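Residue numbers start from 1 in every chain, and the chains themselves are labelled A, B, ... in the order their sequence lines are given, proteins ahead of strands. Just so it is clear, the model here is predicted, and its values are computed rather than measured.
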Amino acid sequence: MTQAAAGDFIRDAVRRDNEQQTYGGRVQTRFPPEPNGYLHIGHAKAITVDFGIAADFGGICMLRLDDTNPDTEQVEYVDAIVADIEWLGFHPAAVVHASDYFQTLYEWAEHLVTTGFAYVDDQDGETISAQRGGFGKPGLESPYRNRTPEENLDLLRRMRAGEFAEGSRVLRAKIDMQHENMQMRDPVMYRIRYSHHFNTGDEWCIYPTYDWAHGQSDAIEGVTHSICTLEFDSHRPLYDWYLGHLPLPGDQPRQIEFARLELTHTVTSKRRLKTLVDEGIVDGWDDPRMPTLQGLRRRGYPASAITDFCRDIGTTRTNSRQSIEALESYVRRELNRTAQRRMAVTRPLRLVLTNWPTDEGGAPVVEWFDIANNPENETDGVRSVAFTGDLWIEADDFAEVPPPKFFRLSPGREVRLRGAYLVTCTGVVKDEAGQIVAVEATYDPASRGGTSPDGRKVKSTMHWVSAQHAVDATVALYERLFSAPYPGERTGEPLDDLDHASREVLHAKAETALVDTAPGEVVQFERLGYFALDPDQPMLFHRTVGLRDEWAAIQRRG
RNA sequence: UGGGGUAUGGGGUAAUUGGCAGCCCAGCGGAUUCUGGUUCCGUUAGUCUAGGUUCGAGUCCUAGUACCCCAGCCA
């Protein structure tokens, strides 16, 4: 704790290694995902750390697909992983596979056999597992543990040659069945699997386990700092043991662990996300409701917002859960600068200007206003928006009997129609049932452009669309990526009831909206929030994040 | 149950290695504003517990507590 508490403990460690010339001042890291799913927001943290540290010290970072389990891995995932890393703005020095090293790994396995540090075990998985003992209970040695190196070498070669059935034999490291660290109780190095591998095809029928592949791959590549997540902490002694018993071509890399990123209201478990996809609960890995990088990208999250967030939350060894609001604040900060504005109405209420002029033919005059696309960024220019005496406003923006602190339109009150005119409500039109069908108002011709020539103030500026000119759009509203808390979220208990949870957390609804003009890719529908245009369905917009929830705050107060 | 790891406001994270507990998110208050947005200013609130060393402890010592990880031929 004492020294680990220092600012960024990983960079401190790297700096120390540089000062002591442990690796001759060289820094090399790697990002090693297993291609068994799409990258999600949690991976963004690891990517930011791995690539960021290499960059900070003038080193390199490679992408290594950790493909030692052919049963779960696919090229589709490889392609997505490569694309997503690029999208985040990182460029791997190389894209490699753990399977590229299968031959070297095998030769090193023979080396361990020859030197008496590995043996072939003929027992099945259940037996081996039972013999491993438990916490506080020492393990039992396998009856095959003391075979001669010659016999082991013969058996290993025959394993590799495909002479034995799946599950019938494994290669194990010969370490210590009494070791207090369970990882050191003769871990399995190779298992027999007659599966097709997406990279090596049918060349191999024995596949290395994670522990037997990972550190060795690091060493082969010349990795200096192998940064991984906290759950591998107890693997570090094994990581070092393997490397310490092999004829390495260079320096021995060191493993450093940090806490993974967890977010509230967010499922970050490839297994669960895969279930959502497989069961058709979402449309795919890139469904905008998914916390995958592709889902977030479709939602309009800027890559820089994600990486800035990951950088700023820091790297520690403390298990923690960051709030989704913190991430969203980074998204809003970026989008406030870049997103164009549009006025939009989701629950239209008619607003009629009773003193609006008509032309010779009796039709209402149409007036065009240039309205800034983004007041935060003048270079975004203006758009031309049609205005007439027949408008739609948001139903929430009118109240016949205004509650306290209601600033918008109500009888007798004057507000600004953004960029157009000041209008004063003169009355309402109701149907037989007493429902309001329209609001009537008069406009002040002297306030053209929304100015107030005599300097009088109005408490509210409202958005509007011309009934005649408005563009139809659909907006998918979800307050949050996963808006509802799910079972066990607070306590960190496992999420067992996936079906229930998925349906609840992925709730979203689509609404129609009327928009002032056709918007661009990512837009702020004023007061509704930031939305991204769906590339597949023009005029369908996914909510990125909302604005600050000002209404809720007012109601809470009152 | 044995081993390992971690504890700082509501959430996250710093503290020159023993010297004014700072920053971000959230909250609250105010100013500005043609978005109840943005921006700006102010503000509430914290060192897991109990002892000890010291002029001085988040930091060092002792004892405890809580949480996380490890018993896949997954990674």
Side-chain angles (χ1 to χ4, degrees), chain A residues 1-8 32-34 36 66 68-69 71-72 121 124-125 128-130 132-139 166-167 169-172 179-185 187-193 206-207 209-211 213-214 228-237 257 259 264 270-271 309 312-330 332-333 336-337 341 343 371-372 375-376 405-408 416-420 422 449-452 458-463 491-492 524-529 546-551 553-554 557:
Chain A
M1 174 185 94
T2 49
Q3 52 179 343
D8 183 331
E34 182 186 14
N36 65 347
D66 211 350
T68 56
N69 183 357
D71 294 338
T72 56
D121 194 333
D124 62 26
I128 290 175
S129 175
R132 186 133 33 218
F135 303 141
K137 291 190 291 281
E166 261 187 33
R169 281 180 169 83
V170 291
L171 183 73
R172 300 177 71 181
H179 202 108
E180 58 198 13
N181 182 344
M182 302 293 292
Q183 304 297 335
M184 301 296 273
R185 322 247 258 228
V188 170
M189 296 166 61
Y190 275 109
R191 54 319 195 176
I192 301 170
R193 193 120 324 158
I206 57 172
Y207 288 94
T209 56
Y210 166 85
D211 287 300
H214 205 94
C228 63
T229 46
L230 231 36
E231 66 268 25
F232 293 104
D233 180 277
S234 62
H235 294 239
R236 183 159 19 104
E257 312 86 21
T264 59
K270 263 196 234 171
R271 198 196 94 235
F309 170 76
D312 289 356
I313 56 177
T315 50
T316 66
R317 290 176 66 86
T318 311
N319 287 309
S320 62
R321 187 180 298 246
Q322 182 60 264
S323 65
I324 188 79
E325 288 87 352
L327 205 210
E328 288 178 343
S329 86
Y330 278 78
R332 279 198 303 263
R333 189 183 306 168
N336 181 54
R337 279 183 37 237
R341 271 61 167 170
M343 295 186 288
I371 298 184
E376 308 288 321
K405 298 213 170 184
F406 183 86
F407 300 151
R408 274 103 102 152
R416 173 184 295 109
L417 294 182
R418 183 176 180 119
L422 265 44
T451 56
S452 130
V458 291
K459 297 198 87 167
S460 181
T461 296
M462 299 191 352
H463 55 174
T491 60
Q524 183 198 90
F525 291 138
E526 300 195 22
R527 288 225 328 275
L528 264 184
L547 302 178
R548 302 256 278 225
D549 200 347
E550 76 281 355
W551 242 154
I554 289 164
R557 242 178 280 141

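- Judged purely by atom type and a 3.5 angstrom limit, A:Arg185 uses its side chain to pair as donor or acceptor with the backbone of A:Gly134.
- To the nearest whole angstrom, the two C1' atoms, one in B:rG22 and one in B:rG4, are 32 Å apart.
- Projected onto RNA chain B by closest heavy-atom contact, A:Arg341 and A:Gln322 fall at different nucleotides, the more 5' of which corresponds to A:Gln322.
- Picking from B:rA75, B:rC24, B:rA26 the nucleotide with the shortest atom distance to the side chain of A:Glu231 gives B:rA75.
- Residue-level contact check: A:Gln524 touches the bases, meaning some heavy atom is under 4.0 Å from a base atom.
- The separation of B:rG30 from B:rU44, taken at their C1' atoms, amounts to 15 Å, rounded to a whole angstrom.
- For the OP1/OP2 pair of B:rA26 and a distance below 4.0 Å, the side-chain nitrogens and oxygens of A:Arg332 include at least one atom meeting the criterion.
- Annotation for A:Gln322 and A:Ala326: closest pair OE1-CB, 3.6 Å, computed over non-hydrogen atoms.
- For the pair A:Leu327 CG and B:rG12 P, the interatomic distance rounds to 15 Å; values are reported in whole Å.
- With both ends at atom P, the span from B:rC24 to B:rG2 equals 45 Å, rounded to whole Å.
- In the set B:rC25, B:rC73, B:rA7, the nucleotide with an atom closest to the side chain of A:Ile128 is B:rC73.
- Atoms CD (A:Glu526) and P (B:rG37) sit 13 Å apart, rounded to a whole Å.
- Between A:Thr209 and B:rC73, a side-chain N or O to OP1/OP2 separation shorter than 4.0 Å is absent.
- The distance from the CZ atom of A:Arg236 to the CD atom of A:Gln183 is 12.5 Å, given to the nearest 0.5 Å.
- Side-chain proximity of A:Ala326 to the nucleotides B:rC25, B:rG12, B:rA75 is greatest for B:rC25.
- Looking at A:Arg337 and A:Glu376, their side chains never come closer than 4.5 Å, going by heavy atoms from C-beta outward.
- Residue A:Glu34 contributes atom CD, which lies 10 Å from atom P of B:rC74 at whole-angstrom precision.
- Here the separation of B:rU49 from B:rU32, taken at their P atoms, is 44 Å to the nearest Å.
- Residue A:Ser129 has no polar side-chain atom (N or O) positioned under 4.0 Å from OP1 or OP2 of B:rA71.
- For the residue pair A:Thr315 / A:Asp8, a side-chain donor-acceptor distance below 3.5 Å is found, with atom types taken as modelled.
- Atom C1' of nucleotide B:rA26 and atom OH of A:Tyr330 are separated by 13 Å, given to the nearest angstrom.
- Phosphate proximity of B:rA75 to A:Arg191: present, with a side-chain N or O under 4.0 Å from OP1 or OP2.
- From A:Tyr210, atom OH reaches atom NE2 of A:His235 across 7.0 Å, with rounding to the nearest 0.5 Å.
- Syn is the conformation of B:rG72, whose glycosidic angle sits no further than 90° from 0.
- A:Gln183 places its CD atom 14 Å from the C1' atom of B:rC73, with the value rounded to the nearest Å.
- The gap from the P atom of B:rU62 to that of B:rA21 amounts to 26 Å, rounded to the nearest Å.
- For A:Glu376 against B:rG37, a side-chain-to-base donor-acceptor contact under 3.5 Å is present.
- Residue A:Arg132 holds its CZ atom at 13.5 Å from NE2 of A:His179, rounded to the nearest 0.5 Å.
- A straight line from CG of A:Asp71 to P of B:rG72 spans 18 Å, rounded to a whole angstrom.
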Between protein and nucleotides 1-4 of chain B, what N or O pairs are separated by less than 3.5 Å?
{"unit_1": "B:rU1", "atom_1": "O2", "unit_2": "A:Phe135", "atom_2": "O", "d": "3.0"}
{"unit_1": "B:rG4", "atom_1": "O2'", "unit_2": "A:Asp233", "atom_2": "OD1", "d": "2.6"}

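- Residue contacts shown for A:Arg169 are absent, as no nucleic acid heavy atom lies under 4.0 Å away.
- Scanning both residues, A:Asn36 and A:Lys270, for their nearest heavy atoms gives OD1-NZ, 2.7 Å.
- For A:Arg317 (side chain) and A:Glu257 (main-chain N/O), a donor-acceptor pair under 3.5 Å exists by modelled atom type.
- Of the P atoms belonging to B:rG51 and B:rU59, the separation is 14 Å, rounded to the nearest Å.
- Using P as the reference atom, B:rG9 and B:rA45 are 14 Å apart when rounded to the nearest Å.
- The residue A:His214 sits apart from the nucleic acid: no heavy atom pair falls under 4.0 Å.
- Here A:Phe232 lies in heavy-atom contact (under 4.0 Å) with a base.
- Spacing between atom NZ of A:Lys405 and atom C1' of B:rG29 amounts to 11 Å, rounded to whole angstrom units.
- Contact annotation for A:Thr451: base contact, defined as any heavy-atom pair under 4.0 Å involving a base atom.
- Closest of all the heavy-atom pairs between A:Leu547 and A:Arg332 is CA-CD, 4.3 Å.
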Dot-bracket for RNA chain B, 5' to 3', Watson-Crick and G-U pairs with both distances under 3.5 Å, [ ] for crossing pairs, | for partner on another strand, reads .((((((..((((.....[..)))).(((((.......)))))....(((((..]....))))))))))).....
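- Contacts of A:Arg416 with the nucleic acid, taken as non-hydrogen atoms under 4.0 Å apart, include base atoms.
- A close approach under 4.0 Å does occur between a side-chain nitrogen or oxygen of A:Ser320 and OP1 or OP2 of B:rU13.
- A:Gly167 comes within contact range of at least one nucleobase, with a heavy-atom separation under 4.0 Å.
- Side-chain atoms of A:Thr68 do not come within 3.5 Å of backbone N or O of A:Thr209 as any donor-acceptor pair.
- Contacts of A:Thr72 with the nucleic acid, taken as non-hydrogen atoms under 4.0 Å apart, are absent.
- Residue A:Thr68 places at least one side-chain N or O closer than 4.0 Å to OP1 or OP2 of B:rA75.
- Taking only side-chain nitrogens and oxygens, A:Arg193 comes nearer than 4.0 Å to OP1 or OP2 of B:rC74.
- Within 4.0 Å of A:Arg333, counting heavy atoms only, lie sugar-phosphate atoms of the nucleic acid but no base atom.
- Between the side chain of A:Arg193 and the backbone N or O of A:Glu166, no donor-acceptor pair lies under 3.5 Å.
- In this entry the base of B:rU35 is anti relative to its sugar, with a glycosidic angle more than 90° from 0.
- Within 4.0 Å of A:Asn36, counting heavy atoms only, lies no atom of the nucleic acid at all.
- Partner of A:Arg341 under the side-chain contact (heavy atoms from CB on, under 4.5 Å) criterion, chosen from A:Gln524, A:Arg418, A:His463: A:Gln524.
- The CZ atom of A:Arg172 sits 8 Å away from the P atom of B:rC73 (whole-angstrom rounding).
- Taking the C1' atoms as reference points, B:rG46 lies 6 Å from B:rU8, given to the whole Å.
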